[in-house]
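Every value quoted in this text rests on a predicted model; they were computed, and no experiment measured them. Basis for what follows: all heavy atoms, side chains included, without hydrogens, waters or symmetry-related copies. A, B, ... follow the sequence lines: proteins, then strands. Residue 1 opens every chain.
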Amino acid sequence: MSVDDSHEHGQPAGGSNFLRNLIAEQIASGEHTGAVVTRFPPEPNGYLHIGHAASICLNFGLAEYFEGACRLRFDDTNPDAEDQEYIDSIQADIRWLGFEWDGEVRYTSQYFATLYDYALHLIAAGLAYVDELSPDEIREYRGTLTEPGKDSPYRDRDPAESKAMFEAMARGEYAEGTACLRARIDMAAGNINLRDPVIYRIRNKAHHQTGDTWCVYPSYDFAHGQSDAIEGVTHSICTLEFEDHRPLYNWLLEHLPVPAQPVQYEFARVNLNYTITSKRKLRRLVEEQIVDGWDDPRMPTISGIRRRGYTPASIRAFCDMVGVSRSGGTVDAAMLEHAIRDDLNKNAARAMCVMDPLKVVITNWPAGHVETLTARGHPDRDDMPERDLPLTREVYIEKADFREAANKKYKRLVLGKKVRLRNAYVIEAHDVVKNEAGEVVEVHCTYDPDTLGDNPADGVKPKGVIHWVSASHGKQALVRVYDRLFAVENPSREDDLLDGLNPFSLQIHPGCWIEPGLADVAAETRVQFERTGYFVADRYDHAAGAPVFNRVVALRDTWAKIEQRGA
RNA sequence: UGGGGCGUAGCCAAGCGGUAAGGCAACGGGUUUUGAUCCCGUCAUGCGCAGGUUCGAUCCCUGCCGCCCCAGCCA
């Protein structure tokens with residue numbers, strides 16, 4: 001009944017893409033020799049999301065393909081936003097996706113001393129200076145997109161003086177914002193990143209890794225390329241918005257005594273419709289308790305997707321399907337759903353669950369009689385164990401599977417008509433019991449004892465098959481039916497993010513009936529409730545005897561389409 | 001009116017001068033004790049637009065148009 005790990009960690013990740021082709025050419029032409037070394041460089045300031053999965057698959061996939069190495073390096077240059085909680089969750093998510101980084105976990109903060117020396121080197125070469133302009137003044141001096149900036153009055157400060165001041169900054173002798181170190185490049189550059197970028201700033205705050213050792217911290221730009229060089233990263237892959245930083249990345253590498261010359265490459269980040277992948281916005285959903293935490297099953301975080309019931313293999317397959325390119329776009333969420341349906345169709349055991357119960361009494365079945373039927377674990381896999389299905393006089397079926405009258409398109413139970421109980425006998429409805437409100441609360445049927453595995457003697461094969469659970473032998477379960485968190489295609493376009501929320505993103509069904517064998521499965525066991533969808537025993541809330549299932553994704557439902565057209 | 005990118009079907013994406021892969025979605029049909037799966041079929045005389053080069057252009061050239069990113073002491 002369980003989906004074991006062999007299904008979750010199977011194929012190597014990564015299909016063909018422009019970067020893989022590029023590296024292959026570099027190797028073929030001799031432009032690149034030695035190992036291909038990549039890195040995944042998250043800042044530990046939030047949880048990883050589906051967009052990060054693409055980067056993880058790319059970086060680890062490339063290393064795997066070229067038999068090189070991919071490291072995990074926390075880009076922890078800003079103690080303000082970072083936290084150990086994120087460091088832990090990021091590592092867990094990467095491992096869950098099925099990847100293992102080369103060697104120990106790295107931290108950019110490990111290189112703070114080296115980076116500090118690099119800064120001194122730049123100062124000595126006259127390529128960096130301590131600026132005492134205020135943050136506001138620096139912004140004014142930077143110019144605009146169309147107007148060049150102007151030089152800071154401190155730009156020509158004597159290197160010896162800059163050195164002394166920078167050292168004083170590091171000793172904590174300056175307040176935050178009163179001084180910073182800037183690279184001396186070109187205040188008139190069209191590329192704003194080259195207008196004397198700030199490369200070191202003062203932060204009087206303890207760092208989660210280095211404690212109180214430092215009062216000055218390198219900027220992303222001053223840390224990233226040098227860290228890549230120190231680690232021997234050969235291909236530093238990032239997203240398109242960093243393309244404008246590449247000239248700066250290269251400038252620093254050229255002017256510093258670094259041990260290697262890594263090269264930066266960019267690819268387009270993946271967007272998914274009906275969702276958001278902005279850490280800031282995701283954090284808002286968590287903080288305002290719109291969702292139940294970073295790992296709420298509706299969140300596009302790796303941990304949320306995991307709790308929703310997606311498999312690592314399905315995420316990797318999705319990333320392969322989407323591909324890697326430089327043209328940004330928005331992928332249809334249907335592709336993600338396809339990836340998990342495809343995996344679970346092959347690997348999830350089948351079972352029956354009645355979510356909206358209607359009692360059926362089989363009037364020609366002896367009271368108290370129990371017949372234990374067997375059913376396949378999977379329609380086309382013999383390696384999955386069969387299951388026992390106790391059939392009794394009273395069973396539950398879905399309310400939606402019965403109508404007093406219906407046209408021929410409706411292939412379920414109708415008064416006076418026959419239908420097959422899945423894995424069991426053909427029954428025929430002959431009477432209903434209604435409550436004061438006129439609602440059907442019970443259907444009385446008879447069963448045909450000659451129809452187990454056979455068609456009725458009259459040769460008329462029932463068109464429909466419905467699922468059921470024994471009223472006396474079934475177990476109760478809580479089932480959460482999840483739908484997309486947002487009802488609008490592009491939630492970021494809303495005036496207020498919350499305006500786009502889907503009010504029906506979670507519907508709780510407390511009174512479901514599941515077949516008895518399902519009550520004691522392990523947490524995170526995935527199963528298909530036949531005719532309904534794929535479900536997972538909740539990672540945290542599920543317990544033996546008190547089952548809780550989350551709907552991963554519904555089965556494709558062509559009947560719903562037909563119904564909609566008819567209606 | 002600065003700099004950097006990107007435009008191939010509803011969506012993602014191959015293609016690199018020789019006559020438009022593949023996947024998702026959609027739509028037909030077949031099988032089926034899941035209206036699932038599976039199988040078969042349909043879906044760009046067209047590659048943002050306009051010129052040019054060429055025997056031949058999605059691919060090369062020119063000019064337009066559209067969209068995205070950049071003015072944190074964030075990453």
[X]: partners by ring-ring contact (aromatic ring centres under 6.0 Å, His included), with sequence neighbours left out:
X	result
A:Y141	none
A:F529	A:F535, A:F549
A:Y265	A:H235
A:F486	none

- [ ] Verify the ring-centre separation between A:Y249 and A:H245: is it less than 6.0 angstrom?
- [x] no
Open item on the list: Suppose we call two aromatic rings close when their centres sit under 6.0 Å apart. Are A:Y200 and A:Y217 close by that rule?
Closed with: no
For [X] and [N], what is the distance between atoms [atom1] and [atom2] respectively, to the nearest whole Å?
X	N	atom1	atom2	answer
A:Q528	B:C38	CD	P	12 Å
A:L272	B:C24	CG	C1'	12 Å
A:Q264	B:G5	CD	P	12 Å
A:Y274	B:A25	OH	P	15 Å
A:M321	B:G23	CE	C1'	7 Å
A:I397	B:U33	CD1	P	20 Å
A:E25	B:C16	CD	P	12 Å
A:N273	B:A25	CG	P	13 Å

Check every strand shown and say whether [X] touches a base, only sugar-phosphate, or nothing at a heavy-atom separation below 4.0 Å.
X	answer
A:K463	nothing
A:E147	nothing
A:R420	base
A:A424	base
A:V426	nothing
A:G149	nothing

Salt-bridge present ([X], [Y]; N to O < 4.0 Å):
X	Y	answer
A:R73	A:E231	yes
A:E530	A:R387	yes
A:R316	A:D320	no

By salt bridge (Lys or Arg N to Asp or Glu O under 4.0 Å) - contacts of [X] (at least two apart):
X	answer
A:E243	A:R246, A:R326
A:E173	A:R171
A:K281	none

Distance, [atom1] atom - from [M] to [N], rounded to whole angstrom:
N	M	atom1	result
B:C38	B:U33	C1'	16 Å
B:U8	B:G23	C1'	15 Å
B:U45	B:C40	C1'	26 Å
B:C61	B:U54	C1'	12 Å
B:G7	B:G48	P	9 Å
B:G52	B:G72	C1'	46 Å
B:G5	B:U19	P	31 Å
B:C47	B:C60	P	15 Å

Open item on the list: I'd like to check A:Y111 versus A:R106 (side-chain heavy atoms, cut-off strictly below 4.5 Å). Are they in contact?
Closed with: yes
If pairing requires Watson-Crick or G-U wobble contacts with both distances under 3.5 Å, which nucleotide is the partner of [N]?
N	result
B:C47	none
B:U32	none
B:C73	none
B:U42	B:A26
B:C60	B:G52
B:G66	B:C6
B:U37	none

Open item on the list: A quick test of your reading: do over 12 heavy atoms of other residues, nucleotides or ligands sit less than 6.0 Å from NZ of A:K279?
Closed with: yes
Atom pairs under 3.5 Å, N or O on each side, protein against nucleotides 29-31 of chain B: can you list them with distances?
none

Open item on the list: Contact list please: residues 326-336 of chain A against RNA chain B, heavy atoms, distance less than 4.0 Å, in numerical order.
Closed with: A:R326, A:S327, A:G329, A:T330, A:V331, A:D332, A:A334, A:M335
TODO: Check if the side chain of A:R556 and the base of B:G35 share a donor-acceptor pair of N or O atoms closer than 3.5 Å.
DONE: no
Task: Presence of donor-acceptor pair under 3.5 Å, side chain of A:R350 and base of B:U34 - done: yes
Open item on the list: For nucleotides 70-75 of chain B, give me one character per nucleotide, 5' to 3': B if any protein heavy atom sits under 4.0 Å from the base, S if the only such contacts are to the sugar-phosphate, - if neither.
Closed with: BBSBSB
Task: Which residue lies more 5' along RNA chain B, comparing A:K411 with A:A189 via nearest heavy atoms - done: A:A189
TODO: Take A:K561 and A:G453, find for each the nucleotide of RNA chain B with the closest heavy atom, and name the residue whose nucleotide sits nearer the 5' end.
DONE: A:K561
Open item on the list: So, does A:T558 get its side chain near the phosphate of B:A36, meaning an N or O under 4.0 Å from OP1 or OP2?
Closed with: yes
TODO: Would you please confirm or rule out a distance under 4.0 Å between OP1 or OP2 of B:C24 and any side-chain N or O of A:H338?
DONE: yes
Open item on the list: As a test of the definition: with a 90° window around 0 for syn, would you call B:G28 syn or anti?
Closed with: anti
- [ ] Would you indicate which nucleotide in B:U34, B:G35, B:G5 comes nearest to any side-chain atom of A:L240?
- [x] B:G5
Open item on the list: Please pick, from B:A14, B:A25, B:U33, the nucleotide with the shortest atom-to-atom distance to any side-chain atom of A:K461.
Closed with: B:U33
Open item on the list: Filter on side-chain hydrogen bond (donor to acceptor under 3.5 Å, both in side chains), then keep only pairs touching residues 449-470 of chain A, sequence neighbours left out; what's left?
Closed with: A:T392-A:S470, A:K418-A:D458, A:S470-A:S472
TODO: For A:W251, enumerate each residue passing the side-chain hydrogen bond (donor to acceptor under 3.5 Å, both in side chains) test, keeping only those at least two apart in sequence or located in another chain.
DONE: A:H255
